[in-house]
Amino acid sequence: MENRYDFRTIENRWQNYWRNNGFYQVTEDETKPKYYSLEMFPYPSGNLHMGHVRNYAIGDVVARFKSMNGFNVLHPMGWDSFGLPAENAAILHNIPPAKWTSSNIEIMQEQLKTLGLSYDWKREFTTSDPGYYKFTQWMFLKLYEHNLAYRRSAGVNWCPSCHTVLANEQVVEGACERCEALVEKKQLEQWFFRITDYAARLLDDLDSLTGWPEKVVTMQKNWIGRSEGCQFNMAIENSSETISLYTTRPDTVFGATYLVLAPEHPLVPILCAGKDIEKEVHDFINKMEFMSDVTRTSTDTEKEGIFTGTYAINPMNGEKIPIWIANYVLMDYGTGAIMAVPAHDERDLEFAQKYNLPVKIVIQAGEACEKESDITEAYDGDGIMVNSADFNGLTVEEGKKAVIKYMEDENIGTATINYRLRDWLISRQRYWGAPIPIVYCDKCGTVPVPYEDLPVILPEDVAFKPSGESPLNDVEEFIKTNCPNCGGQAKRETDTMDTFVCSSWYFTRFASPHTSDLPFNKEAADYWMPVDQYIGGVEHAILHLMYARFFTKFLYDIDMLSSTEPFTNLLTQGMVLKDGAKMSKSKGNVVSPEDIIGQYGADTARLFILFASPPIRDLEWSDQGVEGSYRFLNRVWRLINEYANDIKNLDIPENIDDLDGATKELHFKTHFTIKKVTDDLEERFNFNTAISAIMELFNTLNSYKDLPKQNLALVKEAIESLLILLTPFCPHICEELWEIIGNRESITLQAWPKYEAEALIQDEVEVVLQVNGKVRDRIKVPTNSPDEGLRQIALENSRIKELTKGKKIVKIIVVPDKLINVVAK
RNA sequence: GCCCGAGUGGCGGAAUGGCAGACGCACCGCACUCAAAAUGCGGCGUUCUUUGAACGUGUGAGUUCGACUCUCACCUUGGGCACCA
């Protein structure tokens, strides 16, 4: 017999068989429970890497396992194909992005198919296809219709050397990632989605996501960043204007010694108008405007500010405090204005010390009040209010409530809740994305493209200039259009949408990917949604998952979906490492999936990747480990082939009495393994321990093989169980061996085995004997021995007697069928 | 700075209050072979006075009959957020 099995022929054969017989193609079936297993769809970069293989192998195990457990499983795949790399390739190699993308998809599709994944390929789609982005545009129009899409001027990252807009990810430490020029800020009219309207729901519903890793939930909570406080007004001296402030510490309002406005605050020019300081302030604002957000909002940036020459009146005590503007106050959080309490806020203290502003203690921490001149650190802990008029003596918590109540009673302010979450800027001054379906008409203003005119087609034959500017600006046929409203001349929006918009709803499209009048068919989506298991990298923990949740809630609100959350369970897989570092071209530590599959086959690649580490942890690549997985499959191959003829026509008996020791052990191991693997897949996603359990069953079987007297019917039971349990991991070899031992119907159609509780009952168990918690002996006793009997056995044991000689036995702890601990002094 | 994880043999990892190191890799020995590879069988935490014992899960304390597991403090390390008032 051959030493090594011919994985090439086998894997090819079964992949063709599955495809030709429509395996894994599903339709809605009300008679079966549904299961939607989804892996994050890839960007078609041109090559499958190990991270992909890991992601899809994990998903395939879930899909196949659920399918064998009687679920109607939807397991689709598609391409998230809009994005920058295609454009870069176009500039670099002069290939149109569409061509580059589709040839990449072709390559990666082939690579994916060699992995033997149980995808319903009939549902595949590509987001850069007009048939798909038509509905990305549809989503935009719906949001616009519901006042959740709007346009305003906002700063973008601008590289002065490349003359182009950069995404935040392309800004590395304040500089352009390509040319390293310092990034500037530029004001442009941009489209936003009003995700902040959903902040409260996005936050509250996180508590219902019990199937998500706690880490991701926490990250989202922090990102949404809810804070409770109050908003109140301060009058300005010699002016009719008032300034609205937001604070989370109303209890410290008596300690406010100055007030700060964000440089962009609309009141700033009014306050300074005609004053000596006007030019200086103007220069400062200009400087801030050109500083990139990354630099501006870094903690390392030194605080800087200017006194405006005007004063505000603290409504609580009538005190006059100076109004400053400073870089550390941001216009887009709260009201863009703060009261500064240097005694109890670190940032305010730093600023106050730099500009010699007064410090006033209003929260007393210890027994005695610290002297203001001694302060080196702001105190933001708990304490008692002091120097605060009628409020003296209240704790921080009491004080917050009391001050807010006073402000509300006196009409000074109200309790408010603020979120850090910002509206989602979706405009990209880029070519390779879904065009924003908006038209600008001189007469009618901003006009949405009518639904029936979708898609707004992205012209494909365009010239890329080395300047890096979007070529859409030069395509006159695209820009020039007629206003849908008045029919007059109009201009199209030339910005495209952030690719995250495409991926915020794709999971719903898989429910009915061929629907052409709507993004998806509601009945089909109601059947399949939500996704039961979503699998992907933790790098999407915030943005993609937040946007997808936002879209799902919006689609629910407009009655397109019946679920309010897209993903019931989320698994964030770890990275694939080599020599302790993430595989990357620049480090030269990339292992190509193609090479591994070519050399060992898909089953080995899948087995190794699933065996080496639990899915959520990082995985250290090991060439020798792959070799080991390959060896295991070969061992399985040889053993089962040896037995094939002997067990082909046997029936597995119902009656299994009177088994000899080794056979009983084999029978036990078979059912123990069924239970272990089922539990590991069902409850814990511990694929690595599931595989080691299968290996143990194999080892038991392998030792049994050498016995002179064997129960072949139970060998068959063990082999068939082993093959079925191994199928989700290594489907090809299991199909082949399943056929070799005489079965006709595909193993992937077999029902998942159930363990017999009876087989797990053993006559004898090994019990550990301890003295003071240390193992001193091991004995075999009948299963379910009563505690009293075990106690006696322990006391009569010679080792125990020896070790407790001359000591007083204080107590004996018995854990049935496990352990006896004799406590002696 | 704040918020999450993680730390166990030479390596990947297992055990979530009850036998630490399952399973695999590497390594060592034996068999087969002229030889090697492949394959099979056996061994494999450290130390010692080696038929036995002591020590051992980042460090230090604590809870418990019993701690990798729980509690507190610290160290190292990975990740996320970071002037959000």
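First the proteins, then the strands, lettered A, B, ... as listed; each starts at 1. Bear in mind the structure is a predicted one, so any value in this text is a computation, not a measurement.
Set against B:rA85, B:rC65, B:rC23, the side chain of A:Thr248 has B:rA85 as its closest nucleotide. Among the nucleotides B:rC65, B:rC23, B:rC55, the one closest to any side-chain atom of A:Asn699 is B:rC23. In this structure, the nucleotide among B:rG80, B:rC3, B:rC81 sitting nearest to the side chain of A:Thr218 is B:rC3. Checked against B:rA26, B:rA85, B:rC83, the side chain of A:Thr301 finds its nearest nucleotide in B:rC83. Checking B:rC83, B:rU39, B:rC23 against the side-chain heavy atoms of A:Arg4 singles out B:rU39 as nearest. Among B:rC81, B:rA85, B:rC23, the nucleotide with an atom closest to any side-chain atom of A:Met695 is B:rC23.
Taking the P atom of each, B:rG29 and B:rC44 are spaced 15 Å apart, rounded to whole Å. B:rC25 sits 14 Å from B:rG42 when the P atoms are compared, rounded to a whole Å. Rounded to a whole angstrom, the distance from the P atom of B:rA15 to that of B:rC68 is 15 Å. With C1' as the reference atom, B:rU46 and B:rG21 are 13 Å apart, rounded to whole Å. Across B:rU57 and B:rC11, the matching P atoms stand 15 Å from one another, rounded to whole Å. Here the separation of B:rA6 from B:rC70, taken at their P atoms, is 9 Å to the nearest Å. Comparing B:rU69 with B:rA31, their P atoms are spaced 46 Å from each other, to the whole Å. Of the P atoms belonging to B:rG13 and B:rU63, the separation is 34 Å, rounded to the nearest Å.
The separation between A:Arg631 atom CZ and B:rG24 atom P is 10 Å, rounded to whole Å. Computed from coordinates, the A:Ile694 CD1 to B:rC23 P distance equals 15 Å when rounded to whole Å. In this structure, the CG atom of A:Leu633 is 13 Å from the C1' atom of B:rG24, given to the nearest Å. Atom CG of A:Asp332 and atom P of B:rC83 are 11 Å apart (whole Å). For A:Glu350 and B:rC83, the CD to C1' distance is 9 Å, given to the nearest whole Å. Rounded to whole Å, the distance from CD1 on A:Ile616 to P on B:rG78 is 19 Å. At whole-Å resolution of the value, CG in A:Asn634 and C1' in B:rG40 are 14 Å apart. At whole-Å resolution of the value, CG in A:Asp623 and P in B:rC11 are 18 Å apart.
Here A:Lys354 pairs with A:Glu302 in a salt bridge; the nearest charged N to carboxylate O distance falls below 4.0 Å. A salt bridge links A:Arg249 with A:Asp251: the closest approach of a Lys/Arg side-chain nitrogen to an acidic carboxylate oxygen falls below 4.0 angstrom. For the pair A:Glu696 and A:Lys676, the salt-bridge criterion is not met [side-chain N within less than 4.0 Å of a carboxylate O]. Ion pairing between A:Asp207 and A:Lys221 holds under the 4.0 Å rule for side-chain N and carboxylate O.
Close placement of the A:Phe632 and A:Phe698 rings is indicated, their centers lying within 6.0 Å of each other. Here A:Trp324 and A:Tyr355 bring their ring centres to under 6.0 angstrom of each other.
When heavy atoms are screened at a 4.0 angstrom cut-off, A:Ser227 is found touching the sugar-phosphate backbone but no base atom. Across all strands shown, A:Gly628 has heavy atoms under 4.0 Å from sugar-phosphate atoms exclusively, and none from any base. Among the heavy atoms of the strands lying under 4.0 Å from A:Arg776 are primed sugar atoms or P, OP1, OP2 only; no base atom is included. Contacts of A:Val329 with the nucleic acid, taken as non-hydrogen atoms under 4.0 Å apart, include base atoms. When heavy atoms are screened at a 4.0 angstrom cut-off, A:Asn702 is found touching the sugar-phosphate backbone but no base atom.
A close approach under 4.0 Å does occur between a side-chain nitrogen or oxygen of A:Arg635 and OP1 or OP2 of B:rG40. Side-chain nitrogen and oxygen atoms of A:Lys774 include at least one within less than 4.0 Å of the OP1 or OP2 phosphate oxygen of B:rC55.
Between the side chains of A:Asn702 and A:Arg638, not a single donor N or O lies within less than 3.5 Å of an accepting N or O. A side-chain donor from one of A:Thr196 and A:Asp423 sits under 3.5 Å from a side-chain acceptor of the other.
Stem analysis of RNA chain B (at least three stacked-register Watson-Crick or G-U pairs, each with both distances under 3.5 Å) gives B:1-7 with B:75-81, B:10-12 with B:23-25, B:27-31 with B:39-43, B:45-48 with B:52-55, B:58-62 with B:70-74.
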Sequence-aligned protein contact record of nucleotides 12-22 of chain B, with B where the base is within under 4.0 Å of a protein heavy atom and S where only the sugar-phosphate is: BSSS--BBS-B
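Between A:Glu627 and A:Asp706, the residue anchored nearer the 5' end of RNA chain B, judged by the nucleotide with its closest heavy atom, is A:Glu627. Heavy-atom nearest nucleotides on RNA chain B were determined for A:Gly625 and for A:Lys303, and the one closer to the 5' end corresponds to A:Gly625.
Within a 6.0 Å radius of NZ in A:Lys818, no more than 12 heavy atoms belonging to other residues, nucleotides or ligands are found. The number of heavy atoms from other shown groups lying within 6.0 Å of CD (A:Glu346) does not exceed 12.
A cation-pi arrangement is absent between A:Lys303 and A:Phe351 under the rule of less than 6.0 angstrom and at most 45 degrees off the ring axis.
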Test log, rule side chain to side chain contact (heavy atoms under 4.5 Å, CB included), inputs A:Leu202 and A:Ile195: CA-CA 9 Å; A:Leu202 287 168; A:Ile195 190 173; 3.8 Å; yes
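Annotated as anti: B:rG29, whose O4'-C1'-N torsion sits more than 90° from 0.
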